[in-house]
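See below for the structure under consideration.
What you see is a predicted model, and the numbers here were worked out from it, not measured in a lab. Numbers here simply count residues along the sequence, with the first being 1.
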Amino acid sequence: MIRFVILDVEGVIALPGGSQHPWPLEEMLAIRRFLRQSPLACGLCTGRQEPYGEAVVQALDLFFPLPEEVQERVRSIGGPSLLAWPSILENGAYLYDPIAKTPLPHPALTAEHRRVLRQLVVEALEPLAARTGALIEAGKDLSVSLNPPLIPQGAGARETTESFRPQVDAAVGAFAEWIEVKHSHSAIDITARGISKASAVRQLLDWTGLRPDEVLGVGDTQADEAWLQEVGWRAAPSNGREALPGMHYYSPFPVASGLLEILEQLRSRDYRGIG
């Protein structure tokens with residue numbers, strides 16, 4: 001039986017492509033109401049920073065208390081004192097407890113990792129941004145994200161992350177042994193090596209004792225593929241079909257409408273899977 005749902009944000013809850021698009025509030029309200037009427041707990045798995053993740057948690061009311069027996073398990077294996085089912089932020093660099101309002105750095109993230117990331121920004125990414133017009137996203141503490149340069153006369157549109165990625169790879173080459181680089185529709189994301197959405201999902205499962213077959217993941221881009229392989233059930237809205245082959249279920253609807261339909265399919269099977 002599925003007990004926990006993990007959601008990517010852009011392309012699953014919000015429109016893909018970045019913060020220049022408004023949230024689909026009517027669909028988000030329908031998702032919020034659905035989750036409050038179901039036995040499912042739910043969290044996020046996103047590259048977004050803590051303040052943005054907190055806002056999505058508030059919008060969807062993702063304040064699901066962690067059962068006392070699960071809290072005790074986490075403490076017994078040396079984990080943190082969790083009050084809620086956590087979300088994953090900054091591409092795995094943080095696990096966030098929304099009830100305690102506590103961002104928890106990934107246990108594998110060391111002081112040396114943090115030093116190297118700061119050095120990377122100063123020595124490689126700031127010069128790249130100054131030279132190209134790329135934007136280093138504000139507000140990230142334990143990871144780095146770049147938005148590609150604006151397209152001239154593009155009314156706020158930016159170069160695609162796929163086309164800009166080679167310039168980033170070249171700029172950060174001297175740090176390659178220390179970092180992981182991935183890209184989504186809106187950003188090129190850099191984390192310390194070994195820190196990723198996938199490793200954070202594994203950490204969440206280890207802390208809570210959830211089996212993979214008790215977890216449904218919903219994503220929409222190739223950047224979600226690795227973490228989705230860590231859970232037992234995988235689904236995508238229609239906009240994720242091309243990028244994510246091999247999911248258990250694809251909604252015929254895009255983004256938040258698709259997510260709601262995925263959850264309704266799950267309920268129709270009594271939360272026993274959507275395959």
Side-chain angles (χ1 to χ4, degrees), residues 1-14 16 27-28 30-48 53 56-57 59-67 70 82 84-89 91-92 95-96 98 196-241 243-275:
M1 178 176 179
I2 292 176
R3 298 173 58 195
F4 190 56
V5 179
I6 303 177
L7 305 175
D8 183 29
V9 174
E10 289 185 11
V12 173
I13 299 168
E27 290 89 346
M28 290 173 71
I31 293 165
R32 172 174 170 156
R33 287 171 173 161
F34 179 97
L35 290 170
R36 277 299 149 192
Q37 295 168 2
S38 81
L40 299 169
C42 184
L44 308 175
C45 186
T46 178
R48 288 291 189 169
V56 177
V57 166
L60 294 181
D61 191 12
L62 304 183
F63 298 94
F64 296 97
L66 202 64
V70 181
L82 289 175
W85 291 97
S87 286
I88 294 164
L89 306 177
N91 290 298
L95 288 93
Y96 178 68
S196 64
K197 291 180 180 180
S199 68
V201 168
R202 290 193 297 270
Q203 184 65 64
L204 189 156
L205 297 183
D206 181 57
W207 278 346
T208 63
L210 283 172
R211 301 189 311 271
D213 65 354
E214 295 177 309
V215 183
L216 164 68
V218 185
D220 76 304
T221 71
Q222 190 175 14
D224 299 315
E225 185 175 19
W227 76 262
L228 286 169
Q229 294 303 315
E230 301 294 332
V231 303
W233 295 97
R234 298 174 287 280
S238 62
N239 50 291
R241 178 179 287 274
L244 291 172
M247 298 292 99
H248 292 100
Y249 182 75
Y250 298 96
S251 173
F253 305 108
V255 195
S257 296
L259 170 59
L260 183 61
E261 196 267 344
I262 289 166
L263 295 173
E264 289 171 342
Q265 287 287 329
L266 187 60
R267 178 170 59 186
S268 72
R269 289 161 174 75
D270 194 25
Y271 303 101
R272 296 189 181 277
I274 54 178

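- Panel note: side chain S238, backbone F253; a donor-acceptor pair is recorded below 3.5 Å.
- Within the 4.5 Å cutoff, no side-chain heavy atoms of P237 are placed close to those of L259.
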Practice task
Any chance you could lay out the side-chain contact (heavy atoms from CB on, under 4.5 Å) test for V201 and V231, step after step, and finish with the verdict?
Solution key: CA-CA 8 Å; V201 168; V231 303; 4.0 Å; yes
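- The line from CG of L260 to CD1 of I13 is 12.0 Å long, rounded to the nearest 0.5 Å.
- If you check the side chains of E261 and Q265, you find a donor sitting under 3.5 Å from an acceptor.
- The two residues A243 and Q222 come nearest to each other via the heavy atoms CB-N, 3.8 Å.
- Checked by atom type and distance alone, the side chain of R241 never pairs as donor or acceptor with a backbone atom of A236 at under 3.5 Å.
- Note: W85 CH2 to L210 CG = 4.0 Å, rounded to the nearest 0.5 Å.
- Across S87 and V57, no two heavy atoms sit closer than the pair OG-CG2, 4.2 Å.
- Because its NZ or CZ atom is both nearer than 6.0 Å to the ring centre of F64 and within 45° of the ring axis, R36 counts as a cation-pi partner of that residue.
- Annotation: side chain of F4 is not in contact with side chain of T208 (no heavy-atom distance under 4.5 Å).
- Within 6.0 Å of CZ on R33 lie no more than 12 heavy atoms contributed by other residues, nucleotides or ligands.
- For the pair R267/L40, no side-chain contact is recorded, criterion being any heavy-atom separation below 4.5 Å from C-beta on.
- Formation of a donor-acceptor pair under 3.5 Å by the Y271 side chain with backbone atoms of S38 is not found in this model.
- Two residues are said to be in side-chain contact when any heavy atoms from C-beta on lie closer than 4.5 Å; P86 and L204 meet this criterion.
- To the nearest 0.5 Å, atom CG of residue D206 and atom OG of residue S199 are 12.0 Å apart.
- Rounding to the nearest 0.5 Å gives a distance of 12.0 Å between CH2 of W227 and CG of N91.
- In this structure, the side chains of L60 and C42 stay at 4.5 Å or more apart for every pair of heavy atoms.
- Interatomic distance, OG1 of T221 versus CG of D224, reported as 4.0 Å (0.5 Å rounding).
- With sequence neighbours excluded, the residues that form a salt bridge (Lys or Arg N to Asp or Glu O under 4.0 Å) with R211 are D213, E214.
- Results of the side chain to side chain contact (heavy atoms under 4.5 Å, CB included) test with I6 over L44, L216, T46, V215 single out V215 as the only residue that passes.
- Pairing each heavy atom of D8 with each of D220, the nearest pair is OD2-OD1, 2.9 Å.
- Taking every heavy atom of both residues into account, Y250 and M247 meet most closely at OH-N, 3.1 Å.
- With H248 contributing its side chain and A235 its backbone, the two residues share no donor-acceptor pair below 3.5 Å.
- Using a distance-only test at 3.5 Å, with no hydrogens or angles considered, a donor-acceptor pair links the side chain of N239 to the main chain of G11.
- Put simply, the side chain of E225 reaches to within 4.5 Å of the side chain of L244, judged on heavy atoms.
- Of all the heavy atoms in S251 and I262, the pair that sits closest is CB-CG1, 3.9 Å.
- Atoms OG and CD, from S196 and E230 in turn, are 8.0 Å apart once rounded to the nearest 0.5 Å.
- For the pair G92 and A200, the tightest heavy-atom approach, listed with the atom from each and the gap, is CA-CB, 3.6 Å.
- The shortest side-chain heavy-atom distance between V218 and L263 does not fall under the 4.5 Å cut-off.
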